[in-house]
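Okay, so here's the structure we're looking at.
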Amino acid sequence: MDKKLHFISGLPRSGSTLLAAILRQNPRFHASMSSALAPLVSANLNMMSSGTEISLLLEEQQRPAILRAVIDTFCDTTTDRDVFFDTNRSWTGKMPLLADMFPQAKVIACVRDVSWIMDSIERMYRKDPYENTRLFGADGERATVFSRTEALAHHNRLVGSAWTSLKEAFYGEQSDRILIVDYEILAQAPGKTMKLIYQFLGEDWFAGHDFENINYDAPQFDEALGIKGLHKVQPKVEFRKRKTILPPDVFKKYQGMEFWRETAGTSASVITTKSPEGTSPSGKTDKPKAAE
């Protein structure tokens, strides 16, 4: 495969689809929402690992070759563009694998205050009272905002798994490959933020980005998940302040989880604001400050 390969990961509801929609305006870049690539890699790795019959029939050097062939084939049959960005929240949990197979690859991790992630998911859940989204496995989980946020925060669920995976990568041996991008600063200053992203990737700046005319939607995927509009990107990139719909104690419970604001012990690059977004339950507005 002659393409450059990079990865988009991080937390849900934190701008990864927006970032992909912006990147794909560059005619050299392919970027989209989560693809089948990460599940394909995981499935093949599971089949080749100890405890399966296949693992007894493979030589050790065949495993990376097979995975590389899967990735190359997927990328080459998806697009003819020069640079391939694959999106999946699980990539930050596979940093040693990515570093070994793709030494030049970078990972852009989109983040957001976890309390606002919970707020965003809860808003989408409440938009359609006639649908039991697949985000929750049983009536007990989806019963109230308290059970819903608790379920999402579990270590193997939507928010908790992404958060723990990113934290591991942030403090891991391959953290120098990671760029943290805060949703708030991307939405407030897309031009400046994207230039920093290009710099991190070692790519020449594309002057044709139009932050007033972003176009991306995936209605079929969202409807299958039972939560409409999950990956719909608004045409204009802008930051909209709002008051949370979460009860004050629930909102407070998930504040202070932004480990990426403390850069001691990591080699990751960080683009973030100095204060959290939006309006707290008390009605006090936290005004965003300049990026660090």
Side-chain angles (χ1 to χ4, degrees), residues 1 3-17 19-20 23 29-52 54-55 58-79 83-112 117 152-181 197 200-202 259-260 265-270:
M1 183 179 71
K3 295 179 176 62
K4 292 182 181 179
L5 180 59
H6 299 297
F7 302 91
I8 300 173
S9 192
L11 306 182
R13 307 301 300 161
S14 299
S16 60
T17 306
L19 174 61
L23 287 169
F29 294 171
H30 169 85
S32 186
M33 56 168 281
S34 292
S35 78
L37 183 56
L40 282 170
V41 169
S42 295
N44 279 273
L45 189 57
N46 287 337
M47 286 191 294
M48 295 187 293
S49 295
S50 299
T52 67
I54 293 176
S55 67
L58 288 174
E59 299 294 333
E60 186 175 350
Q61 67 272 17
Q62 289 181 293
R63 297 184 186 185
I66 290 171
L67 289 181
R68 181 62 185 257
V70 169
I71 295 172
D72 288 354
T73 301
F74 183 89
C75 295
D76 287 338
T77 56
T78 299
T79 182
V83 184
F84 194 105
F85 293 86
D86 190 79
T87 302
N88 198 283
R89 286 186 293 275
S90 70
W91 285 129
T92 49
K94 295 180 173 64
M95 293 300 295
L97 178 71
L98 299 184
D100 185 67
M101 295 186 66
F102 303 99
Q104 305 305 316
K106 302 293 181 65
V107 178
I108 305 172
C110 298
V111 299
R112 192 178 191 178
I117 293 175
L152 292 169
H154 200 268
H155 70 88
N156 63 349
R157 299 296 289 276
L158 179 66
V159 179
S161 62
W163 186 87
T164 53
S165 177
L166 178 57
K167 190 172 185 179
E168 175 186 343
F170 187 75
Y171 293 110
E173 298 91 331
Q174 295 83 26
S175 63
D176 61 319
R177 301 168 178 271
I178 299 174
L179 174 64
I180 300 291
V181 178
I197 291 174
F200 176 76
L201 296 171
F259 56 83
W260 53 86
T266 182
S267 297
S269 301
V270 177

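Only a predicted model underlies this, so the values are computations on that prediction, with no experimental measurement involved.
- Checked by atom type, the side-chain pair D86/S35 shows a donor-acceptor distance below 3.5 Å.
- Taking every heavy atom of both residues into account, L158 and A162 meet most closely at O-CB, 3.7 Å.
- Heavy-atom contacts from other residues, nucleotides or ligands closer than 6.0 Å to CD of Q61 number more than 12.
- Evaluation of the salt bridge (charged side-chain N to carboxylate O under 4.0 Å, His left out) rule for K3 yields D76 as partners, not counting sequence neighbours.
- Taking the six-membered ring for Trp and thresholds of 30 and 60 degrees, F29 and F85 have ring planes more than 60 degrees apart, a perpendicular arrangement.
- Ring geometry for F259 versus Y171: interplanar angle of 30 to 60°, hence tilted.
- Under the 4.5 Å side-chain criterion, counting only non-hydrogen atoms from C-beta, F170 is not in contact with S175.
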Only pairs under 3.5 Å count here: list side-chain donor-acceptor contacts from residues 92-101, not counting sequence neighbours, and write none if there are none.
| residue | atom | partner | partner atom | Å |
| --- | --- | --- | --- | --- |
| T92 | OG1 | R89 | O | 3.4 |
| T92 | OG1 | S165 | OG | 2.7 |
| K94 | NZ | S42 | OG | 3.1 |

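- Considering every non-hydrogen atom in both S49 and L45, the closest pair reads OG-O, 2.6 Å.
- Between the side chain of S9 and the backbone N or O of A109, no donor-acceptor pair lies under 3.5 Å.
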task = Evaluate side-chain contact (heavy atoms from CB on, under 4.5 Å) for I8 paired with L23, printing each intermediate quantity in order.
result = CA-CA 11 Å; I8 300 173; L23 287 169; 3.9 Å; yes
ask   = Could you walk me through whether L11 and W260 pass the side-chain contact (heavy atoms from CB on, under 4.5 Å) check?
value = CA-CA 12 Å; L11 306 182; W260 53 86; 3.7 Å; yes
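- Residues D72 and R68 have side chains in contact (heavy-atom distance under 4.5 Å, counting atoms from C-beta outward).
- Side chains of H6 and V83 form a contact here, defined as non-hydrogen atoms less than 4.5 Å apart.
- The shortest side-chain heavy-atom distance between R63 and S55 falls under the 4.5 Å cut-off.
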key: Residue pair T87, F7: steps toward the side-chain contact (heavy atoms from CB on, under 4.5 Å) verdict   = CA-CA 6 Å; T87 302; F7 302 91; over 6 Å; no
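- The cationic group of K4 does not satisfy the cation-pi geometry with F84, failing either the under 6.0 Å distance to the six-membered ring centre or the 45° limit from the ring axis.
- The side-chain heavy atoms of L37 and T78, taken from C-beta on, include no pair separated by under 4.5 Å.
- Between the CG atom of L201 and the CD atom of Q104 there is a distance of 12.5 Å, given to the nearest 0.5 Å.
- In this structure, R112 and S14 approach most closely via the heavy-atom pair CB-OG, 3.3 Å.
- In this structure, T52 and M47 approach most closely via the heavy-atom pair OG1-O, 2.6 Å.
- Inter-residue side-chain proximity for L19 and I197 is flagged as met; some heavy-atom pair is nearer than 4.5 Å.
- Residues C75 and T79 form no side-chain contact, since every pair of their non-hydrogen atoms from C-beta on lies 4.5 Å or further apart.
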message = Let's go through V111 and L166 carefully: what are the C-alpha distance in whole Å and the side-chain angles of both, what is the deciding distance for side-chain contact (heavy atoms from CB on, under 4.5 Å) to 0.1 Å, and is it a yes or a no?
response = CA-CA 9 Å; V111 299; L166 178 57; 3.4 Å; yes
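- Counting heavy atoms from C-beta on, the side chains of I180 and I178 come closer than 4.5 Å.
- A20 and A31 get closest at one heavy-atom pair: O-CB, 3.6 Å.
- Distance alone, capped at 3.5 Å, places no donor-acceptor pair between the T73 side chain and the V70 backbone.
- Closest of all the heavy-atom pairs between A38 and S90 is CB-OG, 3.6 Å.
- When the shell of 6.0 Å around CD of Q62 is examined, it contains more than 12 heavy atoms from other residues, nucleotides or ligands.
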